[in-house]
A.B. asks: 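Have a look at this one before I ask anything.
Ligands are counted one by one from 1 in listed order, and the atoms in each one are counted from 1 as well. Nothing here was measured: the structure is a model prediction, and the numbers come from that model.
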Amino acid sequence: MHVLILGGTTEARGLAELLCAPAGTSAAPPRVTSSLAGRVAAPRLPPGEVRVGGFGGADGLARWLREHRVDLLVDATHPFAGTMSFHAAGAAAAGGVPLLALRRPGWTAVEGDDWHTAGSLEEAAGMLPALGRRVFLTTGRTGLPAFAGLDALWFLVRSVDPPEGPCPARMEVLPARGPFTLAGERELLRRHRVDVVVTKDSGGAATAPKLTAAREAGLPVVVVRRPPAPGGIPVVPDAGAAARWVRERLGAGSPQSRPAAP
Ligand code: NAP
């Protein structure tokens with residue numbers, strides 16, 4: 001059995017680790033390939049096989065699934081990687097390959113939060129001048145052009161790799177990769193005198209402490225809503241549930257479990 005994981009997330013790496021670990025059952029372990037887009041210069045690599053770079057659209061992915069005899073496809077891309085999720089749905093349907101979406105749940109506001117929801121990065125940028133002057137921007141380096149025209153504001157930009165292309169005129173870049181701690185986030189907001197935070201609704205624990213720190217400091221947070229995801233696909237919230245989905249199908253597809261020929 002060959003499982004392709006569309007990755008680039010903590011959950012995708014976690015799933016590869018679970019599938020590559022000894023299963024403790026008689027079923028043979030699957031062949032696991034993780035696919036990365038190639039956006040990060042030095043990604044944390046999962047166990048198993050890894051391929052890097054785009055497939056060339058949904059058709060290219062469908063071809064890859066066929067040529068590499070993929071039995072199961074798991075879309076474990078980031079909730080904001082909307083294009084790839086639709087390509088996965090199209091390719092899986094075209095090739096008759098079972099598809100699972102591994103998508104961490106979004107965040108929910110709690111008592112004391114001052115959240116302002118935006119439908120896009122551009123809308124978030126438009127909301128900022130009314131909310132603050134010193135912005136902690138955690139939406140990733142590829143979205144920076146949306147904030148490039150806001151010359152009256154100062155930005156603290158946290159990203160894994162350095163930004164490229166149009167950027168805000170007044171900006172400090174903080175190269176960092178999660179997970180982040182609450183103590184660290186509190187200190188960061190204080191030291192940089194941040195008065196507004198911008199985040200995507202990425203969900204998950206690794207980057208959530210900034211939300212707690214902002215709540216404690218009484219700061220507004222602009223939360224960018226997730227893009228639409230393809231419907232009609234089973235969705236699980238974590239790597240453990242995704243591993244169970246794969247193993248159930250592994251068992252069903254193993255030679256021992258197939259009915260004997262008449
Ligand atoms: P996207 O807009 O949905 O995808 C753009 C194109 O990148 C796709 O059409 C595909 O190219 C290629 N691609 C995306 N994910 C891929 C993967 N796992 N393997 C191979 N090719 C992939 O995606 P994105 O928002 O640029 O995100 C790119 C990657 O970064 C994803 O893997 C995602 O999990 C990760 N990531 C994204 C974010 C975010 O905020 N967007 C945050 C953290 C991590 P082809 O059409 O040529 O196949």
A.B. asks: H78 versus ligand 1: do any nitrogen or oxygen atoms come within less than 3.5 Å of each other?
C.D. replies: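 There is such a contact, yes.
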
A.B. asks: Supply the atom-to-atom distance R177 CZ to T207 OG1, rounded to the nearest 0.5 angstrom.
C.D. replies: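 Here the interatomic distance stands at 14.0 Å.
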
A.B. asks: Using a cut-off of 6.0 Å, state whether more than 12 heavy atoms not belonging to R69 lie near its atom CZ.
C.D. replies: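 Atom CZ in R69 is not crowded, with 12 or fewer foreign heavy atoms closer than 6.0 Å.
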
A.B. asks: Can you find a pair of side-chain heavy atoms, one from L188 and one from L156, that are under 4.5 Å apart?
C.D. replies: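 When only atoms from C-beta onward are counted, L156 and L188 do touch, with a gap below 4.5 Å.
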
A.B. asks: For H78, which residues count as a side-chain hydrogen bond (donor to acceptor under 3.5 Å, both in side chains) partner, sequence neighbours excluded?
C.D. replies: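 S202.
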
A.B. asks: Does L61 have a non-hydrogen atom less than 4.0 Å from ligand 1?
C.D. replies: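 Checking ligand 1 against L61, which is what was asked, there is no heavy-atom contact under 4.0 Å.
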
A.B. asks: Using heavy atoms and a 4.0 Å limit, tell me yes or no: is G140 in contact with ligand 1?
C.D. replies: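 Heavy atoms of G140 never come under 4.0 Å of ligand 1.
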
A.B. asks: Any idea which of R39, E11, M84 brings a heavy atom closest to atom 7 (O) of ligand 1?
C.D. replies: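 Residue with the shortest heavy-atom distance to the ligand atom: R39.
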
A.B. asks: Could you identify the single nearest non-hydrogen protein atom to atom 35 (C) of ligand 1 and state the distance to 0.1 Å?
C.D. replies: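 Here the nearest protein heavy atom works out to G8 O, 3.8 Å.
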
A.B. asks: Is G53 near ligand 1, meaning one of its heavy atoms is under 4.0 Å from it?
C.D. replies: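 Yes, G53 has a heavy atom closer than 4.0 Å to ligand 1.
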
A.B. asks: Tell me which protein heavy atom sits closest to atom 47 (O) of ligand 1, plus the residue, atom name and distance to 0.1 Å.
C.D. replies: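 Of every protein heavy atom, G56 N, 2.9 Å lies nearest to atom 47 (O) of ligand 1.
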
A.B. asks: At what distance is the nearest protein heavy atom to atom 25 (O) of ligand 1, and which residue and atom is it?
C.D. replies: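 Checking every protein heavy atom, the shortest distance to atom 25 (O) of ligand 1 gives A81 CA, 3.6 Å.
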
A.B. asks: Under a 4.0 angstrom heavy-atom cut-off, which atoms of ligand 1 come close to S35?
C.D. replies: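 Going through ligand 1 atom by atom, the ones under 4.0 Å from S35 are 17 (C), 18 (N), 19 (N), 20 (C).
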
A.B. asks: First locate atom CG of D75, then atom CZ of R103, and finally report the distance between them rounded to the nearest 0.5 Å.
C.D. replies: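 Between atom CG of D75 and atom CZ of R103 there are 6.0 Å.
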
A.B. asks: Under 4.0 Å, counting heavy atoms only: does G60 come that close to any atom of ligand 1?
C.D. replies: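 So G60 does not count as touching ligand 1.
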
A.B. asks: Which atoms from ligand 1 have a heavy atom of T83 less than 4.0 Å away?
C.D. replies: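 Counting from 1, the qualifying ligand atoms are 1 (P), 2 (O), 3 (O), 4 (O), 9 (O).
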
A.B. asks: Quick one: look up the protein heavy atom nearest atom 29 (C) of ligand 1 and list residue, atom name and how far away it is.
C.D. replies: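 Among all protein heavy atoms, the one nearest atom 29 (C) of ligand 1 is A37 CB, 3.7 Å.
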
